[in-house]
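Sharing a structure, written as structure tokens. Questions coming.
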Amino acid sequence: MMNLLEILQKEFGEAVGEVHQNYGDDTAVVDSSRIVDILKFLKEFPECPFDLFLDLCGVDYLAQSASGGRFEVVYHLYSLPKKKRIRLRVKIAGEKPSIQSAVPVYPIADWFEREAYDLLGIRFEGHPNLKRLLMWEGFEGHPLRKDYPIDKRQPIPTLGNLL
Amino acid sequence: MDLRKFFGDTVLTTRIKDVVNWGRKYALWPMPFGTACCAIEFMGVVSAQFDISRFGAEVVRFSPRQSDLLLVMGTINYKQAPILKKIYEQMCEPKWVVAVGACASSGGFYDNYSVVQGIDEVIPVDVYVPGCPPRPEQILDAVMKIQKKIDPGAKLE
């Protein structure tokens, strides 16, 4: 079987940037505009179908905000028939980060994306129900952002906020 | 008329308040609000090794309406705080609250956006128990302190 990262580079050209491969962790930094196409391609790739969506998480690289890539979304996929993993990293620029939702391709991404939106404020365009997952209604800000004050406390919610 | 002279040592006189408090302190009905490892310690307190029934507090109720001692054991976060408050409000008077462990007393090492920094931000607390988690003896000591609070004049020794 061909190297998966090479296949991705051949298929998507410029959209696939830096890649690396150590100890079996195939990683590709890909362009945010093509992420849904790449996920779809990997899911339906006949030689090694990535049928299991393992994880999606957001990252805040506050120190890199000047260079235009403060936020990052990381996808982990697994191929059950081929026992192979791949990691996709997508850099998102700006203070109001936004990326296409992966839900149309992998419905399981629903709550992962809601969590990333809740805690880091990354908007997933096309998500069917993008609202907070862990914090309550009325919570202000996104607490896992590195510039969220560590000693900031918000008013204790009432039961009405929770139900 | 001197009652003692009339009845001899067959009668003991006291005040109604003292009798009621004597009954209350040896019939505490705890309601465990366990959210973390401190609640595991409470299992040890209830079972044979430490045996909370020596203090008359073994009738553990899982309904706040049937209990008068609220044991908050574990981390209380912002989303749980209104639930804890509701449970406290459902308990009948008189009622007492013990904050068991570092998290319930002060937030513990969870000094962050999601954890209440001590349950006394939400409900009044009678006894705080330090430890992470506390030893079962410390929880028994808290029960004894509550008993002392109910009946301050009595000698526990």
Side-chain angles (χ1 to χ4, degrees), chain A residues 55-63 65 70-74 92 95-97 110-124 127 129-163, chain B residues 31-38 62-67 70-92 95 97-126 128 132:
Chain A
D55 190 22
L56 177 154
C57 69
V59 193
D60 180 5
Y61 292 108
L62 186 59
S65 44
R70 178 174 167 184
F71 291 96
E72 198 173 281
V73 178
V74 186
I92 319 171
E95 287 302 299
K96 287 190 173 166
D110 186 341
W111 279 24
F112 291 112
E113 292 184 349
R114 279 178 65 186
E115 184 192 21
Y117 163 71
D118 188 359
L119 301 177
L120 288 160
I122 299 167
R123 289 204 68 84
F124 291 87
H127 189 285
N129 181 29
L130 193 68
K131 59 178 191 179
R132 288 187 183 279
L133 179 68
L134 297 165
M135 309 314 288
W136 56 94
E137 291 293 318
F139 187 90
E140 283 175 14
H142 305 284
L144 284 197
R145 283 195 177 189
K146 296 296 176 197
D147 53 1
Y148 187 91
I150 191 146
D151 52 356
K152 184 176 175 184
R153 298 289 184 272
Q154 305 216 4
I156 293 172
T158 58
L159 278 178
N161 292 106
L162 303 178
L163 302 175
Chain B
M31 148 94 204
F33 192 90
T35 51
C37 45
C38 291
F62 294 95
S63 163
R65 296 170 192 226
Q66 298 173 354
S67 41
L70 180 62
L71 293 162
V72 183
M73 302 172 282
T75 322
I76 301 299
N77 60 38
Y78 276 63
K79 279 171 89 174
Q80 266 172 324
I83 298 161
L84 176 65
K85 190 168 188 216
K86 181 117 186 165
I87 281 178
Y88 175 77
E89 283 165 354
Q90 284 180 50
M91 291 168 66
C92 290
K95 54 191 170 185
V97 179
V98 181
V100 178
C103 292
S105 302
S106 69
F109 53 68
Y110 300 106
D111 185 8
N112 62 26
Y113 61 92
S114 61
V115 174
V116 177
Q117 302 296 295
I119 56 162
D120 47 13
E121 285 186 26
V122 192
I123 55 173
V125 177
D126 295 288
Y128 298 85
C132 185

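In what follows, every chain begins at residue 1, and chains take the letters A, B, ... in the order their sequences are listed.
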A side-chain contact here means heavy atoms from C-beta on lying under 4.5 Å apart; do B/Ile76 and B/Phe33 qualify? yes
Evaluate side-chain contact (heavy atoms from CB on, under 4.5 Å) for B/Val72 paired with B/Val125, printing each intermediate quantity in order. CA-CA 10 Å; B/Val72 183; B/Val125 177; over 6 Å; no
Report which part of A/Pro155 has an atom under 4.5 Å of a heavy atom belonging to chain B: side chain, backbone, both, or neither. backbone
Chain B contact via A/Leu144 - side chain, backbone, both or neither, heavy atoms under 4.5 Å: side chain
Student check: side-chain heavy atoms of B/Leu70 and B/Ile123 closer than 4.5 Å: yes
Counting only heavy atoms not in B/Glu89, do more than 12 sit closer than 6.0 Å to its CD atom? yes
Checked A/Ile150, A/Leu134, A/Asp151 vs chain B; the most non-hydrogen pairs under 4.5 Å come from A/Leu134
With a 4.5 angstrom heavy-atom cut-off, is it the side chain or the backbone of B/Asp111 that approaches chain A, or both, or neither? both
Between A/Arg114 (side chain only) and A/Arg132 (backbone N and O only), is there a donor and an acceptor less than 3.5 Å apart? yes
So for B/Lys85, is it side chain, backbone, both, or neither that comes closer than 4.5 Å to the heavy atoms of chain A? neither
